[in-house]
Visitor: 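The structure is given below, and queries will be raised subsequently.
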Amino acid sequence: MASRSCLFIFLLLLAFQSTVIKANTVAVLPPQCRPVVAGTLARFEYLVNLIIGYAEFFLRSSTGAGIEDIAPGLVQGPVPIGATVANLDNATRAAIREFGLALVGNLRAIVDETLLRAPLSRPQLNFTAGVFTGILNLSGLTPPFNVYGSTTQFLLVAEPLTSSLLQFYLAQVIPSIAGNDQQQLAAGIGLTAAAQAGYFRTRLNAIVNSPVPPYTMTVANFTNTTATAVNQLGLCGVKNEGLIVPLSLGAENRTTTNVVPGDVNSLSPRRTEREVLRIVFGTRNATRPGGIFLSFNGALFRLLVALRQS
């Protein structure tokens, strides 16, 4: 009997030691990279800002229409400033319009499945061309880089700043959503965002070694520049990546192509709510709006401001 008790205690000690070792090997995130505790509704409320922003950008860039033209009464708030119909080829224009329409559907699903009700509050959005060049560190080019100037220039902006951020944020959010229906909703939106991100990177990868008229820089050069700019704004390491990477960063260290960015195990990066805000604000400060979002709505953002969680 005594031997059994000793064995039981020994096994408990082994289990405890194993737990401690595992706990000690878990990476501790620096303070600026830790997610903020928030409820399901607050997270969807936060997400609505992003979806509205991307839907308006896609719709207005492709056709000049806004969400209210597609779904009257779904949103209300200040009309975006600086929006311009982009110089896109017909196939790209149709795809970008489709993405905008899909995001309108996502907003309607959020209204149907959560306690948020229409009209949803639209933040003040700024789609002026210079805003994008500033955030992506593309200022100083001659002639000035213009997101609306060509199909390639539009794709170079859309890839790092729109659906990829939504995709990364949802990877962070989905595990924290309470309720099966809400989890399915968030996952569905995330899968749509992932497909859109794949479209942008696939299109750019097809011309990865081509120069971007009227510049001598190639598409690969541009994607490295914009990825670096986004990572610097996010303040939490390398998560956005260009289409060509060193072999040491390629999948299984066996390729330099990088159509689908990922970590050492090719898992999609995650971005917290603060990282996303630092990027879309262009201020490196999650409590100081600017850039694309001149305002931001919801309890989660107000909490960040109140706690000074920049």
Side-chain angles (χ1 to χ4, degrees), residues 27-36 46 49-50 53-54 57 125-141 144-147 153-172 193 197 200-201 204 208 212 215 217-246 248-250 256 258 260-264 267-294 296 301 304-305 308-310:
V28 178
L29 295 174
Q32 74 272 15
C33 302
R34 297 171 188 168
V36 174
Y46 173 100
N49 287 271
L50 299 177
Y54 304 154
F57 178 56
L125 300 164
N126 185 0
F127 297 142
T128 305
V131 166
F132 297 103
T133 60
I135 290 176
L136 296 175
N137 194 26
L138 297 175
S139 303
L141 294 174
F145 186 92
N146 181 5
V147 58
Q153 291 184 74
F154 184 88
L155 294 175
L156 284 168
V157 168
E159 185 275 318
L161 277 185
T162 55
S163 57
S164 59
L165 288 180
L166 188 61
Q167 175 191 3
F168 294 170
Y169 177 65
L170 279 164
Q172 179 73 39
F200 291 129
R201 290 185 72 88
L204 290 171
V208 67
V212 180
Y215 313 106
M217 290 174 61
T218 65
V219 167
N221 296 145
F222 268 101
T223 61
N224 287 331
T225 297
T226 58
T228 298
V230 168
N231 290 328
Q232 289 175 344
L233 287 170
L235 299 179
C236 292
V238 176
K239 297 185 178 182
N240 277 55
E241 295 177 338
L243 287 166
I244 301 294
V245 296
S248 59
L249 295 180
T256 60
N258 195 39
V260 182
D263 64 11
V264 66
L267 300 176
S268 177
R270 297 182 179 189
R271 287 202 183 276
T272 67
E273 53 286 316
R274 288 189 290 164
E275 288 177 73
V276 172
L277 292 180
R278 293 180 193 126
I279 294 165
V280 296
F281 289 172
T283 62
R284 298 180 63 167
N285 186 325
T287 65
R288 184 156 57 90
I292 301 168
F293 285 81
L294 299 181
F296 210 84
F301 177 64
L304 293 176
V305 173
R308 299 181 180 179
Q309 294 287 305
S310 61

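Given the structure is predicted, the values throughout are model-derived calculations rather than measurements.
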Visitor: Where the side chain of Thr128 meets the backbone of Gly130, is there a donor-acceptor pair that is under 3.5 Å apart?
Guide: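 Answer holds: no.
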
Visitor: Output yes when a side-chain donor or acceptor of Thr272 lies under 3.5 Å from a complementary backbone atom of Cys33, and no otherwise.
Guide: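 A pair under 3.5 Å: no.
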
Visitor: Is the side chain of Thr283 donor-acceptor paired with the backbone N or O of Arg288 at a distance under 3.5 Å, no angle test?
Guide: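 Confirmed, Thr283 side chain pairs with Arg288 backbone.
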
Visitor: Check for a donor-acceptor pair, side chain of Arg284 on one end and backbone N or O of Leu235 on the other, with a separation under 3.5 Å.
Guide: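 Flag not set: sc Arg284 to bb Leu235 has no pair under 3.5 Å.
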
Visitor: Taking the side chain as every heavy atom from C-beta outward, state whether Leu204 and Glu159 have any pair of such atoms under 4.5 Å apart.
Guide: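 Heavy-atom side-chain distance check passes, below 4.5 Å.
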
Visitor: Can you give me the closest heavy-atom contact between Ala286 and Gln309, atom names plus distance?
Guide: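 The pair with the smallest heavy-atom distance is CB-O, 3.8 Å.
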
Visitor: Taking the side chain as C-beta and beyond, is there a heavy-atom pair between Phe281 and Ile279 under 4.5 Å?
Guide: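 Side chain of Phe281 against side chain of Ile279, heavy atoms only: no contact under 4.5 Å found.
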
Visitor: When rounded to the nearest 0.5 angstrom, what is the spacing between CD in Glu241 and CG in Asp263?
Guide: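 Between Glu241 CD and Asp263 CG, I get 9.0 Å after rounding to 0.5 Å.
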
Visitor: How long is the span from the CD atom in Glu273 to the CZ atom in Phe301, to the nearest 0.5 Å?
Guide: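 Glu273 CD to Phe301 CZ: 12.0 Å, rounded to 0.5 Å.
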
Visitor: Do you know which of Leu50, Leu304, Val305 makes side-chain contact (heavy atoms from CB on, under 4.5 Å) with Phe296?
Guide: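 Per the side-chain contact (heavy atoms from CB on, under 4.5 Å) rule, the option paired with Phe296 is Leu50, out of Leu50, Leu304, Val305.
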
Visitor: Can you see which heavy atom on Pro261 is nearest to which on Pro269, and at what distance?
Guide: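 Of all heavy-atom pairs spanning Pro261 and Pro269, the closest is O-CD, 4.1 Å.
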
Visitor: Give the minimum heavy-atom separation between Leu243 and Thr223, together with the two atoms involved.
Guide: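 In this case the closest contact between Leu243 and Thr223 is N-OG1, 3.1 Å.
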
Visitor: Do the non-hydrogen side-chain atoms of Thr226 and Leu138 ever get within less than 4.5 Å of each other?
Guide: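 The answer is yes; the side chains approach within 4.5 Å.
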
Visitor: Within the structure provided, determine whether Ile292 and Asn126 are in side-chain contact (heavy-atom separation under 4.5 Å).
Guide: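 Answer no - side chains too far apart.
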
Visitor: Decide, yes or no, whether a salt bridge links Glu275 with Arg270 under the criterion of side-chain N to carboxylate O below 4.0 Å.
Guide: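 No, Glu275 and Arg270 are not salt-bridged.
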
Visitor: Looking at every heavy atom in both Gly53 and Phe293, which two are closest together, and how far apart are they?
Guide: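 Smallest interatomic distance, heavy atoms only, reads CA-CZ, 4.1 Å.
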
Visitor: Side chains of Asn240 and Arg271: donor-acceptor distance under 3.5 Å anywhere?
Guide: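 Side chains of Asn240 and Arg271: pair found under 3.5 Å.
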
Visitor: Is it the case that Thr218 and Asn221 place a side-chain donor and acceptor less than 3.5 Å from each other?
Guide: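 Thr218 vs Asn221: donor-acceptor pair found between side chains.
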
Visitor: Rounded at 0.5 Å granularity, tell me how far CG in Leu161 sits from CG in Leu156.
Guide: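 Here the rounded value is 11.0 Å.
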
Visitor: Evaluate the criterion ring pair (Phe, Tyr, Trp, His ring centres under 6.0 Å) for residue pair Phe57 and Phe154; output intermediate values, then yes/no.
Guide: CA-CA 11 Å; Phe57 178 56; Phe154 184 88; 5.3 Å; yes

Visitor: Quick one, Asn231 with Lys239, criterion side chain to side chain contact (heavy atoms under 4.5 Å, CB included). Give me CA distance, side-chain angles, the key distance, then yes/no.
Guide: CA-CA 6 Å; Asn231 290 328; Lys239 297 185 178 182; 4.1 Å; yes

Visitor: Applying side chain to side chain contact (heavy atoms under 4.5 Å, CB included), run through Thr228 and Asn137 and close with a yes or a no.
Guide: CA-CA 9 Å; Thr228 298; Asn137 194 26; over 6 Å; no

Visitor: Report the C-alpha separation of Phe168 and Val276 in whole Å, then their side-chain angles, then the decisive distance to 0.1 Å, and conclude whether the side chain to side chain contact (heavy atoms under 4.5 Å, CB included) test is met.
Guide: CA-CA 9 Å; Phe168 294 170; Val276 172; over 6 Å; no

Visitor: Would you call Phe132 and Phe145 a side-chain contact if the rule is heavy atoms closer than 4.5 Å?
Guide: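 They are not in contact (no side-chain heavy atoms under 4.5 Å apart), so the answer is no.
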
Visitor: Would you say Arg278's side chain and Ser310's backbone share a donor-acceptor pair under 3.5 angstrom?
Guide: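 Yes: the side chain of Arg278 pairs with the backbone of Ser310.
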
Visitor: Please answer whether the main-chain N or O of Gly242 pairs with a side-chain N or O of Arg201 as donor and acceptor at a distance below 3.5 Å.
Guide: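 Checked: pair present.
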
Visitor: Is any side-chain heavy atom of Phe200 closer than 4.5 Å to one of Thr162?
Guide: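 Touching, per the 4.5 Å side-chain cut-off.
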
Visitor: For Ile244, is there any backbone N or O sitting under 3.5 Å from a side-chain donor or acceptor partner on Asn258?
Guide: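 No, because the side chain of Asn258 does not come within donor-acceptor range (under 3.5 Å) of the backbone of Ile244.
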
Visitor: With side chains defined as the heavy atoms from C-beta onward, is the minimum distance between Leu136 and Thr225 less than 4.5 Å?
Guide: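 The answer is no, as the side chains (C-beta and beyond) never meet within the 4.5 Å cut-off.
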
Visitor: Taking the side chain as C-beta and beyond, is there a heavy-atom pair between Leu29 and Arg34 under 4.5 Å?
Guide: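 Yes, side chains in contact.
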
Visitor: Anything under 30° is parallel, anything over 60° is perpendicular, the rest tilted; go ahead and classify Tyr169 against Tyr46.
Guide: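 Plane angle between 30° and 60°, so tilted.
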
